[in-house]
Structure formats: C-alpha cells, structure tokens
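Structure first, then comments.
Note that the structure is a prediction, hence the values are computed from the model and not measured. Within every chain, numbering begins at 1; the chains are lettered A, B, ... in the order of the sequence lines, protein sequences first and strands thereafter.
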Amino acid sequence: MTPQEVKERLQNAYSDGYVDVTDLTGGEDHYSVYIASNVFQGMSRIQRHKHVMNVFAEELKTGEVHALTIRTDTKENR
Amino acid sequence: MSVKDRIDKILEENKVVLFMKGSPEAPMCGFSARASAILNELNTTFHSVDVLMDQEIREGIKEYGNWPTIPQLYVNKELLGGSDIMMEMFETGELKEVLE
C-alpha cells in the first residue's frame, strides 16, 4: 500500500481532519500516521487507535500493512 | 478448550500479559522488542506469550480484544494496547501507575 493510498484512505475516513503519513521503512508496510479530527472527541486512547486501525482492517489482516504507529488529536489540541 | 477459554485462563492467572512475537530475551519483531523492553525498564514481572509458537492464540487474541496487531499488552484482563500506546503511557508515567 503506497503512502498516497494510506493518506487518501485516512482523508476520506476523517474528512474534517488533518492527516500526516510517514513510511517508516520505505517498504510501504510500516507506517506512522498522525490524525487530528473531531471524530476522536471523547474517545479513549484505545478507542481512537481501534478506530484508525479499523480503516485498514483488511490490509492489517493480510499483512499488506504490517505495522501502524498511530498518534491522534482532536482539532483543538493539534 | 476454545481459544477464548485459553486466553481467559492466561489473563485470569497473570496480572500483566504481553502477547508478542518471540520472547523478551529473543524478540522477533521491533515492536515486540520495544514493548518488552518498556516492561523490563519498569521492572515489571509479566507473563509473555510467544504468538509465533501458537497460531491459534496469534489469531484468537486479535479477535478477543478486537485489536489486529501484535504486540498487545493486557493488565488485569484489560487490553491496554500495542507498543505505541505503551510508549505514550510510559513517557507520561501512566504505565508505571497502571502496573503498580
């Protein structure tokens, strides 16, 4: 999965948000993502991470995305 | 015994459980290595489960807590998260409190 595809997928999922994607190894399967969106309002840390990983449920299952490091904020705290 | 019962039993018997790839002494993946290193840094006694040696648990644990990746840390039968949540909580001191 290319960085552009990851970014697009997140932008669609968090249309109000700011999204930043980093390919950690250049192998296009270890990503670090940062998302600032009000979707996370009132969500615990683990709920936020589950929410983001759900966007890549299929790729995480097949291993196309091997690892996803996640950092989230609501838009105010960004 | 279903995989769910097996996991329930492990979590019942151990306060802190790290499901990881490899073992703390020989981690087989960077994120698993980081997770076990954090627990060692906090001198935590924990039970580690090498999912590479147990395919049933490797898939079962993902469904159990609805978390698709390894490593996973459980404390008092509750999923805390993966290595990035552990790192975040370690840096804020929250992890130390939870483990006490």
Straight-line distance of B/E88 CD to A/T69 OG1, nearest 0.5 Å: 11.0 Å
Other residues, nucleotides, ligands: >12 heavy atoms within 6.0 Å of B/K15 NZ: yes
Distance in Å, B/W67 CH2 paired with A/N54 CG, rounded so as to fall on 0.5 Å steps: 11.5 Å
Test applied, side-chain contact (heavy atoms from CB on, under 4.5 Å); reference residue, B/P68; option that passes from A/M53, A/E58, A/K61: A/M53
Approximate separation, where rounding is to 0.5 Å, of A/Q47 CD and B/N66 CG: 11.0 Å
Heavy atoms from other residues, nucleotides or ligands near CD of B/E59 exceed 12 (cutoff 6.0 Å): yes
Region of B/E78 in contact with chain A, defined by heavy-atom distances below 4.5 Å: neither
side-chain contact (heavy atoms from CB on, under 4.5 Å) assessment of B/L80 paired with A/I46: CA-CA 7 Å; B/L80 242 64; A/I46 196 157; 5.7 Å; no
From CD1 (B/I85) to NE2 (A/H49), nearest 0.5 Å: 4.0 Å
Within 6.0 Å of CZ in A/R9, more than 12 heavy atoms from elsewhere: yes
Atom pair NE2/CD1 of A/H66 and B/I70 - distance to nearest 0.5 Å: 10.5 Å
Worked check of side-chain contact (heavy atoms from CB on, under 4.5 Å) between A/K50 and B/L79: CA-CA 11 Å; A/K50 281 188 178 178; B/L79 174 62; 4.3 Å; yes
